Each structure stands twice: as C-alpha cells, then as structure tokens.
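Scroll down for the structure; my scribbles are underneath it.
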Amino acid sequence: LIVDTVFIPSVAPMGTFSAAIDWYSKKHANYGIKYQITHSRDGRAIAISKPYPAAKHDKDVYVREFDTIQAILNDGNEGIYRVMADKAYEGASTTSIPVLIPKKLSRRDATQAALQMNSYIAKYRVICENYYGSLKMKFRITASHYRGDCETHNIHMTNCVSLINYDIGHSPLRREDFVYLQKIYKMQKLEGIAKYQKTLEQRKISYKKRKEKIMKQKEELAMQAMIY
C-alpha cells in the first residue's frame, strides 16, 4: 500500500483566529483541508480519510486512520504487509505494519542497498503525485479555493476520487500529472504569500492612520487647554 495526503485550498473559516489557525498550512501558505488517500501499487485509491485541518501533521492523520489501513491489509490482502510513504510519516511504523520511507543518507550511509531502497520507494510513491495531479487537473473543486463546509466537500471529494479510479483504466497516470500538481501547489503558495503581504501592508496603513488620528486629537486637546 502507498499512503499520502493531498491538500485542498479553502477560504479562511469563520470564527476566531485561534480556531481558524488550525486550518492554515504553513507549507502551502494557505487555509485548506487535508485528506489521506491509500493507494494500491497501480495508483488506484483504495480508501480516503475524512477531512482534516490542513495544519494537522501527516503522521497524526495516519495514526487516526490506522484502523482503516489495518482493515485493508486484513481484508484478503495477505501478500501486502507494509506501507510506503514519504518522510512526513517517519516514526509511524508499528510491529504489525512497517512503514517504508526514503531515508536522508550521508556519504557514509549511502550504500548501494540504501540507495536502491530509496529508489524503490520513490518509484512507487510518485504514482500518488501523478494521481493528485490528475485529480486537480480534471476537477476544479479540488484545485480552487473551496467555500463550503467540510461534510459537503467530503462527499464531492469521494465522488471525484471514484471517477479518477475509473478514468485510470482508460487514461493511465502520467509524469505530466505530477508536473501539473507541483505547478498548482507553487501557484497557490505564491498567492498565499502575496495575500499575507498585502494584509500586512493594510495593517501598517491602518495603524499609521490610527496613530495620526490620535496625534491630531491630542493636538486639539492641547489647543483647547491653552485657550481655556
């Protein structure tokens, strides 16, 4: 099995800042929703998690969805006994279900066997990125900023994933899908940073105006005191 999370951008949620910050992803510089999708080796999605706040770590999502992973492995999949994931899942391995992740190797540790293992994991993991690229390319609701509630998006997301699974049989996943995914993520991050900088500028202008207003009021009070 291969597991990974996909980020879906959304508008800032209503409510207090402390509640909204849970839905902000520093990695993508945007508010959003996170799903964990479990894939077979041919790329098809086997299971999709419920929506999680974007700030929640991938490993925490995996722990919460562990029962689903275990059920898939126990449900007539005796030949599958481990999970492949990226570095965000480091420490998620258990005795029953080991998680293979690519390791950062120093020159001393870069043995032929270690390099081959990293290459083996990357070879199968990249299919997830291709899958998400195809998903965002074909369904705008997964690529643009969502404005509805999570429960409704969960229904739409499940339908989109089902349609991509069907489409894989006719249009195999390609390298171009991964390139498109990276392009989308980069654009969203740049937009998020630009929006944040614009907000800072607006706050500075607002602060300057308030300061000028207070100074003007003080001058007027001083003038009135001199008159009386």
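This is a predicted model, so every value here is computed, not measured.
- For Ile48, the side chain to side chain contact (heavy atoms under 4.5 Å, CB included) partners are Tyr35, Ile37, Met157, Thr158, Val161, not counting sequence neighbours.
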List the steps and the verdict of side chain to side chain contact (heavy atoms under 4.5 Å, CB included) for Tyr132 and Ile8.
CA-CA 10 Å; Tyr132 305 146; Ile8 310 296; over 6 Å; no

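- For the salt bridge (charged side-chain N to carboxylate O under 4.0 Å, His left out) condition, no pair includes a residue of residues 141-165, sequence neighbours left out.
- Taking SG of Cys160 as the reference point, atom CD1 of Ile155 lies at 12.0 Å (rounded to 0.5 Å).
- Residues passing the side chain to side chain contact (heavy atoms under 4.5 Å, CB included) test with Ile46 are Leu1, Ser40, Ile72, sequence neighbours excluded.
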For Ser162 and Tyr166: C-alpha separation, side-chain torsions, deciding distance, then whether side chain to side chain contact (heavy atoms under 4.5 Å, CB included) applies.
CA-CA 6 Å; Ser162 300; Tyr166 174 78; over 6 Å; no

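- Under the 4.5 Å side-chain criterion, counting only non-hydrogen atoms from C-beta, Thr5 is in contact with Tyr89.
- Ring pair His28/Phe7 is parallel by interplanar angle, where below 30° counts as parallel and above 60° as perpendicular.
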Please lay out, stage by stage, how His39 and Asp4 fare under the test side-chain hydrogen bond (donor to acceptor under 3.5 Å, both in side chains).
CA-CA 8 Å; His39 300 263; Asp4 204 353; over 6 Å; no

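- Within the structure, the salt bridge (charged side-chain N to carboxylate O under 4.0 Å, His left out) test picks out the following pairs touching residues 43-72 (sequence neighbours left out): Lys34-Asp58, Asp42-Arg44.
- Using a 4.5 Å cut-off on side-chain heavy atoms (C-beta onward), Ile33 and Cys150 make contact.
- The only option from Tyr146, Tyr24, Trp23 that meets the ring pair (Phe, Tyr, Trp, His ring centres under 6.0 Å) definition with Tyr31 turns out to be Tyr24.
- For residues 19-28, no pair satisfies salt bridge (charged side-chain N to carboxylate O under 4.0 Å, His left out), with sequence neighbours left out.
- Residues Val83 and Ile69 meet the side-chain proximity criterion, which asks for heavy atoms closer than 4.5 Å.
- The other residues sharing a hydrophobic cluster with Val61 are Tyr52, where clustering joins ILVMFWY side chains under 4.5 Å apart.
- If you chain together hydrophobic residues whose side chains sit under 4.5 Å apart, Phe66 and Val3 fall into the same group.
- Going from atom OG of Ser144 over to atom NZ of Lys136 covers 9.0 Å, rounded to the nearest 0.5 Å.
- Atoms CG and CD1, from Leu135 and Ile141 in turn, are 10.5 Å apart once rounded to the nearest 0.5 Å.
- Val6 and Leu163 fall within a single hydrophobic cluster, where Ile, Leu, Val, Met, Phe, Trp and Tyr side chains are chained together by heavy-atom contacts under 4.5 Å.
- Scanning for side chain to side chain contact (heavy atoms under 4.5 Å, CB included) contacts around Tyr207 gives Arg210, Lys211, with sequence neighbours left out.
- Considering only residues two or more places apart in sequence or on other chains, Tyr62 meets the side chain to side chain donor-acceptor pair (under 3.5 Å) condition with none of them.
- For Phe139, the ring-ring contact (aromatic ring centres under 6.0 Å, His included) test picks out no residue, with sequence neighbours left out.
- Not counting sequence neighbours, the partners of Lys218 by the side chain to side chain contact (heavy atoms under 4.5 Å, CB included) test are Ile214.
- Smallest separation of non-hydrogen atoms from Ser49 and Asn154: O-OD1, 4.0 Å.
- Every pair passing salt bridge (charged side-chain N to carboxylate O under 4.0 Å, His left out) that includes a residue from residues 160-171 is listed here, sequence neighbours excluded: Lys138-Asp167.
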